[in-house]
J.: 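Sharing a structure, written as structure tokens. Questions coming.
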Protein chains: 2
Amino acid sequence: MEFRHLRYFMALAEEGNFGRAAKRVHISQPPLTRQIRQLEEELGARLFERTSKGVELTEAGHLFREEAVKILALAQLTGEKTRMAARGELGRLDVGIFGSSVLDVIPRLILEFRRRYPAVEVHLHNMTRPEQIQALQEGRLTVGFVRLFPDAPAMAVETVLKERLMVAINRDNELSRHREIALRAFVGQPLILFPSSPRPSLGDHIVALCNREGFTPRVVQEVEDVVTSIALVSSGFGICVVPECATSLRLPRVVYRPLKGTDQIIELACAYRPDDRSPILQSFLEVVRQFRSANEA
Amino acid sequence: MEFRHLRYFMALAEEGNFGRAAKRVHISQPPLTRQIRQLEEELGARLFERTSKGVELTEAGHLFREEAVKILALAQLTGEKTRMAARGELGRLDVGIFGSSVLDVIPRLILEFRRRYPAVEVHLHNMTRPEQIQALQEGRLTVGFVRLFPDAPAMAVETVLKERLMVAINRDNELSRHREIALRAFVGQPLILFPSSPRPSLGDHIVALCNREGFTPRVVQEVEDVVTSIALVSSGFGICVVPECATSLRLPRVVYRPLKGTDQIIELACAYRPDDRSPILQSFLEVVRQFRSANEA
DNA sequence: GTCTTTGATACCTATTGGGTATTGCCTGGC
DNA sequence: GCCAGGCAATACCCAATAGGTATCAAAGAC
């Protein structure tokens, strides 16, 4: 049995007449007669009752017809879905995310992606950087969002956004009176570092910057996540350096001031397997790239 | 897209290697390569990633594979079901029945039919003779059980069973002392006739027989159905002539005696459209014929 | 009766699916 | 670094078969 048989059968069933049915499928009448007979022989079932003025479906024919429409519809749908999948418009995308990235960038990116590719199921997985790398290698993730990505592992990395570093300060702290904060102003200030893991972290980066300036910061606390660190700032525990996106976290008595210096930025990047040719990944990267160039200006 | 493509695709997806897949579908490797490429071009989607040591499904390929197995399974099943339908082993049978026929014959027949053709849905419809004829003509019934079928309408009629006529008598009636009852013994007896409709009925037949014997029976009551008539016999209202199958109705004080005479029989027949070539009808008629020859002896 | 319409048959043609031979590429072994 | 083995792709041929044309036979319509 071939699809040709099903198409011819449907045409004949609907037209009830070999001549018209043949015209409809763009062949002449004798080949249609032959193909139908072939189908009937293969099925071992008479599908049409030949009457004097055309043909009528037998009972077996009626049953076959019901199934045939299903098969043809399924085949049609399969073609369309496969085409969509190949264009990266249908399927599933597993995205690795982490604490502070969720605050602002990820929602905007994912929203835009879902708007453009509504048939792609997006699954978000909150994981640390090493967990993401592992998951990417094992294929459990398609793309992961990371900061301070080590060059080493065989991963392609693409910058999503360059963010200024901001200093979160309690408004009672005298530093809050300045519009920008220089690193040197950290001398003597109680500093909250985050995240405490995984290393190397933004905290490590800040300490290294201070060292380059010729002093060692007074670290009073290391915390797991950005929300906790800002909460500590809010209660007057100390100051804290955070990526700009964290400023969307508004807590009482907390003000944000840019860290002075043009190179005081941190990159948010997305990582993926360089051998992954998945069209969904390509679709996603396209959205990322547009997002980046829109936010560069 | 043709089934060929699906079969080849499945083989390749499972073998992961053109050479082995080609062997599996009994063609050589180059045509398989061509057919797969053809399928990919038609779908506008790369289905396999060609690697150094074989092929692997792409994402679109995985999706296509899942759908392909459904299509192939559906096609296979369709073939089998159609074959069954053509052999009269699958489908639906609408049977017209009526009062007294239900008592004994129909259950036995239907049970046997369902044992032999378990995939045929049997629907029973209780209707009068004219209703059955109407329904048969309109195709709402495939076969109908009737008694005293008029020859006229364009229906094929097949005898199912020839039953003796029995006289139902209250045991207090002196007639109950005889082993057989002659028609002549009806003289002066209160007679219950059934059914009152549709005409011609068994009741009419009895009256005609009496007239042929030279007397007019004393009809005390006409009733709709056999159960009522036997109930009246039970309460001493009179005697009643019924088909033998009605003797399975055991009511208090009712005894059954054969009506004397070798020609005192009534036929149960089944009627169907003579132009109906439905294989299910043929299957059913076969069961009917076997039933008849089993009960003739 | 004739004419029209139906599906079936006979026979030819053209498409195309499948076969063989071969190439080109990658990989693993030495 | 080179060679052998296994892989898919290519080139080309042949044969199976789907489709075309001409025609027939049967069954209404008139």
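What you see below is based on every heavy atom in this structure, not just the backbone, and it leaves out hydrogens, waters and symmetry mates. Residue numbers begin at 1 in each chain, while the letters A, B, ... track the order of the sequences.
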J.: Look at all strands and tell whether A/His5 reaches a base, only sugar-phosphate, or nothing, counting heavy atoms closer than 4.0 Å.
T.: nothing

J.: Which part of the nucleic acid, if any, lies within contact of A/Glu2, taking any heavy atom under 4.0 Å across all strands shown: a base, the sugar-phosphate backbone alone, or nothing?
T.: nothing

J.: To the nearest 0.5 angstrom, please state how far the OH atom of B/Tyr117 sits from the CZ atom of B/Phe284.
T.: 11.0 Å

J.: How about A/Thr159 and A/Glu267: does a side-chain donor come under 3.5 Å of a side-chain acceptor?
T.: yes

J.: Could B/Glu286 and B/Arg289 be called an ion pair, given the rule that one side-chain N must be under 4.0 Å from one carboxylate O?
T.: no

J.: From CD of A/Glu49 over to P of C/dG7, roughly how many Å is that when rounded to an integer?
T.: 13 Å

J.: Does atom CD of A/Glu56 have more than 12 heavy-atom neighbours from other groups under 6.0 Å away?
T.: no

J.: Ignoring the backbone of B/Asn17, work out which of D/dC7, C/dG7, C/dG18 is nearest its side chain.
T.: D/dC7

J.: Tell me what B/Ser28 touches on the nucleic acid: a base, only sugar-phosphate, or nothing, going by heavy atoms under 4.0 Å.
T.: base

J.: Has B/Thr33 got a side-chain N or O lying under 4.0 Å from the OP1 or OP2 atom of D/dA8?
T.: no

J.: Provide, to the nearest angstrom, the distance between the CG atom belonging to B/Leu32 and the P atom belonging to D/dA9.
T.: 9 Å

J.: Is the distance between the ring centroids of B/Phe3 and A/Phe3 less than 6.0 Å?
T.: yes

J.: From CD1 of B/Ile36 over to C1' of C/dT16, roughly how many Å is that when rounded to an integer?
T.: 17 Å

J.: Just N and O in the side chain of A/Arg4: are any of them under 4.0 Å from OP1 or OP2 of D/dT17?
T.: no

J.: Could you check how far CD of A/Gln35 sits from P of C/dT9, rounded to whole Å?
T.: 15 Å

J.: Among C/dT6, C/dG18, D/dG20, find the nucleotide with the atom closest to the side chain of A/Ile27.
T.: D/dG20

J.: From C-beta outward on B/Arg34, which listed nucleotide comes closest to its side chain: D/dG19, C/dG17, C/dA8?
T.: C/dG17

J.: Quick one: label A/Tyr8 by what it contacts on the DNA or RNA (base, sugar-phosphate, nothing), any heavy atom closer than 4.0 Å.
T.: sugar-phosphate

J.: Can you find an N or O donor on one side and an acceptor on the other, under 3.5 Å apart, linking the side chain of A/Gln29 with the base of C/dA8?
T.: yes

J.: Between C/dA8, D/dG19, C/dG17, which one does the side chain of A/Phe18 approach most closely?
T.: C/dA8

J.: Identify which nucleotide among C/dG7, C/dA21, C/dT27 has an atom closest to any side-chain atom of B/Pro30, counting heavy atoms from C-beta outward.
T.: C/dA21

J.: To the nearest Å, give me how far apart CZ (A/Arg46) and P (C/dG7) are.
T.: 13 Å

J.: What is the distance from CZ of B/Arg50 to C1' of D/dC7, rounded to the nearest Å?
T.: 12 Å

J.: Measure from NZ on A/Lys23 to P on D/dG20 and round the result to the nearest Å.
T.: 12 Å

J.: Quickly work out the B/Phe3 CZ to D/dA18 C1' distance and round it to whole Å.
T.: 18 Å

